[in-house]
Each structure stands twice: as C-alpha cells, then as structure tokens.
Visitor: 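Pasting a structure below so you can have a look.
Note that the numbering runs from 1 along the sequence shown for the chain.
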Amino acid sequence: MFNNQSLSSIMTRTDYRLAVLVPCRNEGLTIAQVVKRFQATLPEAEIHVYDNRSTDDTVAQAEAAGAIVRYEPQPGKGNVVRRMFADIDADIYVLVDGDNTYEAEAIPELINKLLTYNLDMVVGARRSAAEDKQAYRLGHRSGNLFLKGVVQFLFSADLKDMLSGYRVFSRRFVKSFPALSSGFEIETELTVHTLELKLPFMEEYTLYGSRPPGSESKLKTFTDGWRVLGTAILLFKEVRPFLFFGIISVLLGLIALILSLPVLITYFNTGLVPRFPTVILAASIMLLAFLSFTCGLILDSVARGRRELKRMTYLSYINKN
C-alpha cells in the first residue's frame, strides 16, 4: 500500500499528470477551503474550478486560493462535468464538489486504490461522522438508498453510494465517457456507464461533513430525485432494451389474457362470442405485446453494437499506471 510519500513520488514523474476538477455554483463560502485542502493533500495537482453562472464571489475566492478558473455558461452539473472532461487532459482525474463536505485527506488512499488495482473509477462513498447529524440528511440518504436499489435491481450490481460526487477516474474512463446528462443525474450516468461496459471500479468509504452556515445545497430532493430516477430508467432502456421491452411485453400479454379468458370460457361452453369489444381490445393489446417484444429484439442488437463501439473507444486510450 502506498503512503503519502510514495504517492507523491509517483505524481512527480514527468509523464504523470493529476487534475482536481471542481464544479461550482455559488460556493463562495467554501471554495477557497476546498482548493487549499487539496493543494495541501496533492501539491502536485492542477486544481480546476469551473464556475457555473455563480452570482456570488466564487470566482474571486477560487482565484485568490490559487485555482485555475474556467467557465461553463450552460446551467447544470452534468453540463459542467462534460465540459471539464473535454477540456482537461491528465492521467488521473479527481472530481469533487465545491461545498467542502468531502474528505480531502482521503484522496491519497482513493488514488492508491486506483493505481494498485489498475481501476478506472474509485468512488468516495459518503459516511457521515456519528456526531454530525446534519451532514447526510435523511431525505437525501433515503433517496440515495431507493435509487441505488433501483439500479442494483436493473443492473445486478452491489453498490454503496451511487450518487457520490467524490470520484477518481483514469484517463481512459474520462475520455471515453459520453456525458449526456445535464444536471445532478450525471452521477447516475457515471455509474451506469461503468456497469454497462463492466469497467473495473471500487467504492471506499470517506467522511462526509455538513455545509457551513449560510451555504445551501443546490440539490432538490424530490425534483432532482425524479430526474435521477428517470435517467436510470432511460439508461436501462438504452443499455438493456430486450429486458425493458420484454417486461412491457409480458405485462401487456397478461392483460390481454385476463381480458380474453372470460370470452374464451363462454365460447367453449356455448360456441358463441357475445362480447366483441372485449375480444377486439384483448387482440389489440396482445398485438402491442408482440410489437414490444419485436422492438426489444431489434433494439438489443442496436445496443450491442453501440456497446461494442463504446468498448473499442475505451480501449483506444492507454492508462499510464
């Protein structure tokens, strides 16, 4: 296992570059502390703060602390992450929020895991201290557990914290990640992308603290929760279309059978079909069931081709681990 000194020696190799990426919007109260903590922990790293239409002194505080400040005018964390991944060229990327809630001192261990096991992503799973009751609010924790359960069911994955904003990436992950989300659902997309391509990743618990007084979270529990859930379902349709449309086909088929069963019983007993509207409705729903099954078959072939293309793009980048 690497200690801080051995990790530092690795980072000072001339061909090794480390970038800390901090998406920010109205984090003037905390951004300077975030920059200074990561400067102290990773002095060799370039710290990039991307301002997302802040109306406070976020930019001035970040520049005064020594960060490289850039701008992304399109609102939403997903838009900022997409811009950061496109602009910054490095060998190891650290993604962290600018609210000073994540444990900067844990980053050497997260990078250590990435290098030791040759991973593409290490997630800093959030765990609040026992005395800090306000850090990881019950609403956010419950929503995270629910959404994590949905993704685990859909993708058969064992996850600790699907929505953590504290992550370490390899270069080949960053440069092959499509980044299609616009808001807080970006974490869901990062996780699903990893599961879809079966990329090597790991989750490590890190301390998660509360925001200082006067600092407000941009995350809206219900609004953003529904967006994240919708993104998970959409990605499920894109990644596993045969299963998605297969479930719809089975449900439609069951409805059609339930509707047609009384009609069939009457027909076998009397030889008559007295309820033609029910027969037509049942036949139409069964037709939709077969169409859904056919769509699933066709889109599954398309999804396989897209997955192979993503995999080839991913393999075109070589890590310097």
Visitor: Give, for atom OG of Ser182 and atom CG of Asn79, the distance between the pair rounded to the nearest 0.5 Å.
Guide: 5.5 Å
Visitor: Hey, are the side chains of Val96 and Phe38 touching, using non-hydrogen atoms and a 4.5 Å cut-off?
Guide: yes
Visitor: With a 3.5 Å distance limit and no angle check, can you tell me whether Thr116 reaches the backbone of Lys113 through a side-chain donor-acceptor pair?
Guide: no
Visitor: Applying side-chain contact (heavy atoms from CB on, under 4.5 Å) to Leu299 and Phe242, what does each step give before you reach the verdict?
Guide: CA-CA 7 Å; Leu299 292 177; Phe242 181 72; over 6 Å; no
Visitor: How far apart are the closest heavy atoms of Val168 and Val94, and which atoms are they?
Guide: CG2-CG2, 4.3 Å
Visitor: Is the Tyr102 ring parallel, tilted or perpendicular to the Tyr166 ring (thresholds 30°, 60°)?
Guide: tilted
Visitor: Which residues satisfy the side-chain contact (heavy atoms from CB on, under 4.5 Å) test with Ile280, sequence neighbours excluded?
Guide: Ser284
Visitor: Find out whether Arg306 and Glu308 are in side-chain contact, i.e. whether some heavy atom of one side chain is under 4.5 Å from a heavy atom of the other.
Guide: no
Visitor: So, Thr266 versus Asn269: side-chain donor-acceptor pair below 3.5 Å or not?
Guide: no
Visitor: Are any non-hydrogen side-chain atoms of Val22 and Asp97 less than 4.5 angstrom apart?
Guide: no
Visitor: Could you walk me through whether Asp300 and Arg240 pass the salt bridge (charged side-chain N to carboxylate O under 4.0 Å, His left out) test, one step at a time?
Guide: CA-CA 7 Å; Asp300 189 66; Arg240 304 184 67 181; over 6 Å; no
Visitor: Looking at Arg37 and Glu105, is any side-chain nitrogen of the basic one under 4.0 Å from a carboxylate oxygen of the acidic one?
Guide: yes
Visitor: Between Leu197 and Arg307, does a side-chain contact (heavy atoms from CB on, under 4.5 Å) hold up when you go through it step by step?
Guide: CA-CA 7 Å; Leu197 296 186; Arg307 189 158 53 248; 3.8 Å; yes
Visitor: Evaluate Arg127 against Asp161 for salt bridge (charged side-chain N to carboxylate O under 4.0 Å, His left out), listing each step before the verdict.
Guide: CA-CA 9 Å; Arg127 181 171 58 188; Asp161 188 358; over 6 Å; no
Visitor: Determine whether a donor-acceptor pair (N or O, by modelled atom type, separation under 3.5 Å) exists between the side chain of Glu203 and the backbone of Lys160.
Guide: yes
Visitor: Is the backbone of Leu190 close enough, under 3.5 Å, to the side chain of Thr194 for a donor and an acceptor to pair up by distance?
Guide: yes
Visitor: Restricting to non-hydrogen atoms, name the atom on Asp89 and the atom on Lys175 that form the minimum distance, rounded to 0.1 Å.
Guide: OD1-CE, 4.1 Å
Visitor: Looking at Arg167 and Glu187, is there a salt bridge between them, counting it only when a charged N and a carboxylate O are closer than 4.0 Å?
Guide: no
Visitor: What is the distance from atom CG of Asn26 to atom CD1 of Ile31, rounded to the nearest 0.5 Å?
Guide: 12.0 Å
Visitor: Are Asp99 and Thr30 close enough, and set up right, to give a side-chain hydrogen bond (donor to acceptor under 3.5 Å, both in side chains), and what steps lead you there?
Guide: CA-CA 6 Å; Asp99 54 10; Thr30 57; over 6 Å; no
Visitor: For Arg275 versus Pro262, what's the shortest heavy-atom pair and its separation?
Guide: NH2-CB, 3.3 Å
Visitor: Aromatic rings Tyr50 and His48: how do their planes relate, parallel, tilted or perpendicular, breaks at 30° and 60°?
Guide: tilted
Visitor: Mark yes or no for whether Asp120, through its side chain, and Leu199, through its backbone, hold a donor-acceptor pair below 3.5 Å.
Guide: no
Visitor: Please determine if Arg172 forms a cation-pi arrangement with Tyr317, meaning its NZ or CZ atom is less than 6.0 Å from the six-membered ring centre and no more than 45° off the ring axis.
Guide: no
Visitor: Taking all non-hydrogen atoms of both residues, which atom of Ile285 and which atom of Ile255 are closest, and how far apart?
Guide: CD1-CG2, 3.9 Å
Visitor: Carefully, step by step, assess Ile186 and Phe177 under the rule side-chain contact (heavy atoms from CB on, under 4.5 Å).
Guide: CA-CA 11 Å; Ile186 185 66; Phe177 177 63; 3.9 Å; yes
Visitor: For the pair Tyr93 and Leu21, evaluate side-chain contact (heavy atoms from CB on, under 4.5 Å) and give the outcome as yes or no after the intermediate values.
Guide: CA-CA 7 Å; Tyr93 297 79; Leu21 310 181; 3.8 Å; yes
Visitor: Could you tell me whether Glu185 and Lys77 have a side-chain N and a carboxylate O separated by less than 4.0 Å?
Guide: no
Visitor: Return the OG1 to CG distance between Thr188 and Leu234, rounded to the nearest 0.5 Å.
Guide: 11.5 Å
Visitor: Using links of under 4.5 Å between side-chain heavy atoms of ILVMFWY residues, direct or through other members, which residues join Ile68 in one cluster?
Guide: none
Visitor: Could you measure the distance from the CG atom of Asp51 to the SG atom of Cys24? Nearest 0.5 Å is fine.
Guide: 7.5 Å
Visitor: What is the distance from atom CE of Met84 to atom CZ of Arg70, rounded to the nearest 0.5 Å?
Guide: 11.0 Å
Visitor: For the pair Ser176 (side chain) and Thr313 (backbone), establish whether a donor and an acceptor sit closer than 3.5 Å, ignoring hydrogens and angles.
Guide: no
Visitor: State the CG-OG distance between Leu287 and Ser292, to the nearest 0.5 angstrom.
Guide: 11.5 Å
Visitor: Taking the side chain from Glu189 and the backbone from Leu180, do they hold a donor-acceptor pair closer than 3.5 Å?
Guide: yes
Visitor: Side chains of Tyr208 and Glu103: does their closest heavy-atom pair fall under 4.5 Å?
Guide: no
Visitor: With distance as the sole criterion, is a donor-acceptor pair present between the side chains of Asn100 and Gln33 under 3.5 Å?
Guide: yes
Visitor: Strictly under 6.0 Å, is that where the ring centroids of Phe169 and Phe85 end up?
Guide: yes
Visitor: Determine whether more than 12 heavy atoms belonging to other residues, nucleotides or ligands lie under 6.0 Å from atom NZ of Lys36.
Guide: no
Visitor: Indicate the atoms forming the closest heavy-atom contact of Val49 with Ala67, along with that distance.
Guide: CG2-CB, 3.6 Å
Visitor: Heavy atoms only: give me the nearest Gly98-Glu27 pair and the separation to one decimal.
Guide: O-CB, 3.6 Å
